[in-house]
Amino acid sequence: MTGIQQVLFIQGGGAGAHDEWDDKLVDSLSRELGEKYEVRYPRMPDEGAPTYARWSPAIRREMADLEDGAVLAGHSVGGTILIQTLAERPPACRLAAIVLIAAPFVGQDGWPGEEFELPGDLGARLPPGTPVHVFHGLEDETALPAHADLYARVIAQVQVHRLPGRDHQLNNDLSEVAKAISPDKP
């Protein structure tokens, strides 16, 4: 290990999401976490039309380079595809945490799953002992806040963080996410 903890941040979908939207989330997270963390922010293929078939292999390639103690985070549909990818096959490294930010739930009572649906036993398929955090703004009009409760229904070990006054981008403030990743942060 390098002594620097890795955070792999998977962007949300939509034209310009990497450079015009989620870059602000990554900047906030990097600033809040400080120099003991390396936040990796790869560009996902065809961000304007995200699909599991294209994004999952890209996520797996990124996970292959992670060391033990890495944190996986995903925003919006990037979080949804990340958690499905993990449920199918976790990375070889031991994870410190999984963080979903404003991630829509695909399945019963959530978004319809044209390409995939999250399994009812999602929590049992995730790496054992890995904390799972779901952050959702209560003013999110893209993926309604009820999606956080749908994750809680299928992941027993989840910690749901409901953030009043926050939108789908959590108002570009990931200070609460940084505190969950690094509990010693003030």
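Not measured: the values here are computed from a predicted model.
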Exercise. Can you tell me how far the CG atom of L150 sits from the CD1 atom of I155, to the nearest 0.5 Å?
Worked result: 10.5 Å

Problem set entry | Side-chain donor/acceptor of T80 to backbone N/O of P104, under 3.5 Å | yes

Exercise. Do the side chain of K179 and the main chain of S175 share a donor and acceptor less than 3.5 angstrom apart?
Worked result: no

For this session: Using atom types as modelled and distance alone, determine if a side-chain donor or acceptor of R60 lies under 3.5 Å from a backbone N or O of R89.
Result: yes

Exercise. Between R54 and E47, is there a salt bridge with N-O shorter than 4.0 Å?
Worked result: no

For this session: Evaluate side-chain contact (heavy atoms from CB on, under 4.5 Å) for H133 paired with L100, printing each intermediate quantity in order.
Result: CA-CA 6 Å; H133 297 273; L100 304 180; over 6 Å; no

Exercise. Any idea which heavy atoms bring V106 and F116 closest together, and the distance?
Worked result: CG1-O, 3.0 Å

Exercise. Can you check whether M63's main-chain N or O pairs, donor with acceptor, with D65's side chain at less than 3.5 Å?
Worked result: no

Exercise. Would a distance-only check, ignoring hydrogens and angles, find a side-chain to backbone donor-acceptor pair under 3.5 Å from E67 to C93?
Worked result: no

For this session: Decide yes or no for L72 and L66: does some side-chain heavy atom of the first lie under 4.5 Å from some side-chain heavy atom of the second?
Result: yes

Exercise. Once you round to the nearest 0.5 Å, how far does CG of N172 lie from OG of S28?
Worked result: 7.5 Å

Exercise. Do I101 and V177 have side-chain heavy atoms sitting under 4.5 Å apart?
Worked result: yes

Exercise. Is there a side-chain contact between P42 and M44, using heavy atoms and a 4.5 Å cut-off?
Worked result: yes

Problem set entry | Residue among V71, L86, V132, L126 satisfying side-chain contact (heavy atoms from CB on, under 4.5 Å) with L95 | L86

Exercise. Between L29 and L163, is there a shared hydrophobic cluster once you connect ILVMFWY residues whose side-chain heavy atoms come closer than 4.5 Å?
Worked result: yes

Problem set entry | D167 (side chain) donor-acceptor with N171 (main chain) under 3.5 angstrom | yes

Exercise. S30 side chain to V26 main-chain N or O, any donor-acceptor pair under 3.5 Å?
Worked result: yes

Problem set entry | Spacing of T85 atom OG1 and I59 atom CD1 [to the nearest 0.5 Å] | 4.5 Å

Exercise. Would V158 end up clustered with I81 when hydrophobic side chains under 4.5 Å apart are linked, directly or stepwise?
Worked result: yes

Exercise. Without hydrogens or angle criteria, can the side chains of Y41 and E62 be said to hold a donor-acceptor pair below 3.5 Å?
Worked result: no

Exercise. Can you name the closest pair of heavy atoms from G13 and P50 and give their distance?
Worked result: CA-CG, 3.9 Å

Exercise. Any idea which heavy atoms bring A87 and L122 closest together, and the distance?
Worked result: CB-CD1, 3.5 Å

For this session: Give the ring-plane orientation class for F105 versus Y151, where under 30° counts as parallel, over 60° as perpendicular and anything between as tilted.
Result: perpendicular

Exercise. Counting distance only, does the side-chain N/O of D140 pair as donor-acceptor with the main-chain N or O of A143 below 3.5 Å?
Worked result: yes

Exercise. Cut-off 3.5 Å, side chains only: do Y37 and Q5 have a donor facing an acceptor?
Worked result: yes

Exercise. Which heavy atom of L170 sits nearest a heavy atom of R166, and at what distance?
Worked result: O-NH1, 3.4 Å

For this session: Compute the ring centroids of H161 and H136, then answer whether they are less than 6.0 Å apart.
Result: no

For this session: Any chance you could lay out the side-chain contact (heavy atoms from CB on, under 4.5 Å) test for Q84 and W55, step after step, and finish with the verdict?
Result: CA-CA 11 Å; Q84 176 68 19; W55 284 31; over 6 Å; no

For this session: Would you name the heavy atoms of A17 and G12 that are closest together and state the gap between them?
Result: CB-O, 3.4 Å

Exercise. Within a strict 4.5 Å, meaning less than it, do heavy atoms of the H75 and F9 side chains meet?
Worked result: yes

Exercise. From D27 CG over to E32 CD, what is the distance, rounded to the nearest 0.5 angstrom?
Worked result: 11.5 Å

For this session: Measure the CZ-CD1 distance between R40 and I10 for me, rounded to the nearest 0.5 Å.
Result: 11.0 Å

Exercise. So V154 and L118, side-chain contact (heavy atoms from CB on, under 4.5 Å) or not? Walk me through it.
Worked result: CA-CA 9 Å; V154 296; L118 296 170; 5.9 Å; no

Problem set entry | Any donor-acceptor pair under 3.5 Å from S182 side chain to L33 backbone | no

For this session: In sequence, state the C-alpha distance, the side-chain angles, and the governing distance for I98 and I83, and then conclude on side-chain contact (heavy atoms from CB on, under 4.5 Å).
Result: CA-CA 8 Å; I98 300 166; I83 199 80; 3.9 Å; yes

For this session: Determine whether P131 and Q157 make a side-chain contact, defined as any pair of heavy atoms from C-beta on separated by less than 4.5 Å.
Result: no

Problem set entry | Separation between CG of L174 and CG of L25, rounded to the nearest 0.5 Å | 5.0 Å

Exercise. Ion pair present between R153 and D149, side-chain N to carboxylate O less than 4.0 angstrom?
Worked result: no

Exercise. Do any N or O atoms from the side chain of T130 and from the backbone of P127 form a donor-acceptor pair under 3.5 angstrom?
Worked result: yes

For this session: Answer yes if the side chains of Q169 and D22 hold a donor-acceptor pair under 3.5 Å, and no otherwise.
Result: yes

For this session: Classify the angle between the aromatic ring planes of H147 and W111 as parallel (below 30°), tilted (30 to 60°) or perpendicular (above 60°).
Result: perpendicular

